[in-house]
Amino acid sequence: MQTKAKEAGRPGRAAGARWRALLETRWQARLREVTELALAYHEAAAAQGHGAGSETQRRLDRLLRRTVASRWALADTEEALARLSAGTYGRCESCAGAIAAGRLAVTPETRYCARCAQGRTS
């Protein structure tokens, strides 16, 4: 007989621990990346001075874009950890159906099942 948590599509205790470990590892890596990119950006901006050329400005723009994207990825991971704690991890935020384990394995922060994700990008 299945437990109520599995019937509802939520990960069981053992599976939840595995997802938590994976997400926490991703969180640490993403936090490191955000920190490194932010430091690189601020160091480059400080070294730029007032008379910087267009190549220096392009480098700063690239660093800024990468830093922002990295911060978004960190926030996504934090939100996935919050869903795991709330017991809603692995459920689609659109249809409330279960998200396939294979989909979660590829992108553990995903919020939507494949069907709803496809509808959101169309």
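Each residue takes its place number in the sequence, starting with 1.
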Kindly give the heavy-atom pair with the smallest separation between Cys113 and Ile99, and that separation in Å. N-CG1, 3.9 Å
List the atom of Thr67, the atom of Ala38, and the distance in Å for their closest heavy-atom pair. OG1-N, 4.0 Å
Step through the shown structure and confirm whether more than 12 heavy atoms of other residues, nucleotides or ligands are within 6.0 Å of CZ on Arg26. yes
Flag side-chain contact, heavy atom, 4.5 Å: Leu31 against Gln28: no
Kindly say whether Tyr112 contributes a backbone atom to a donor-acceptor pair with the side chain of Arg103 at under 3.5 angstrom? yes
Sub-3.5 Å donor-acceptor pair from the side chain of Ser70 to the main-chain atoms of Arg66, do we have one? no
Do the side chains of Trp72 and Leu63 join up, straight or via other hydrophobic residues, at under 4.5 Å, putting them in one cluster? yes
Quick one: are Leu81 and Tyr89 in side-chain contact, heavy atoms under 4.5 Å? no
Which heavy atom of Gly16 sits nearest to which heavy atom of Leu84, and what is that distance? O-CD2, 3.7 Å
For a quick test of reading the model, state the closest non-hydrogen atom pair linking Leu104 to Gly90 and the distance between them. CD1-CA, 3.9 Å
Salt bridge between Arg30 and Glu109, side-chain N to carboxylate O under 4.0 Å? yes
With a 4.0 Å cut-off on N to O distance, would you call Glu55 and Arg62 a salt bridge? yes
Answer yes or no: is there a donor N or O on one side and an acceptor on the other, between the side chain of Tyr41 and the main chain of Glu36, under 3.5 Å? no
Have Arg83 and Thr88 got a donor and an acceptor in their side chains that come within less than 3.5 Å? no
What's the spacing between Arg65 CZ and Asp61 CG if we round to 0.5 Å? 5.5 Å
Distance-only donor-acceptor check, side chains Ser85 and Arg20, under 3.5 Å: yes
Do you know the tightest heavy-atom contact between Cys92 and Cys95? SG-N, 3.4 Å
Please evaluate residues Leu60 and Gln57 with respect to the criterion side-chain contact (heavy atoms from CB on, under 4.5 Å), reporting the C-alpha separation (whole Å), side-chain torsions for both, the decisive distance (0.1 Å), and the verdict. CA-CA 5 Å; Leu60 282 172; Gln57 188 58 49; 4.2 Å; yes
About how many Å separate OG1 of Thr110 and CD of Glu93, when rounded to the nearest 0.5 Å? 9.0 Å
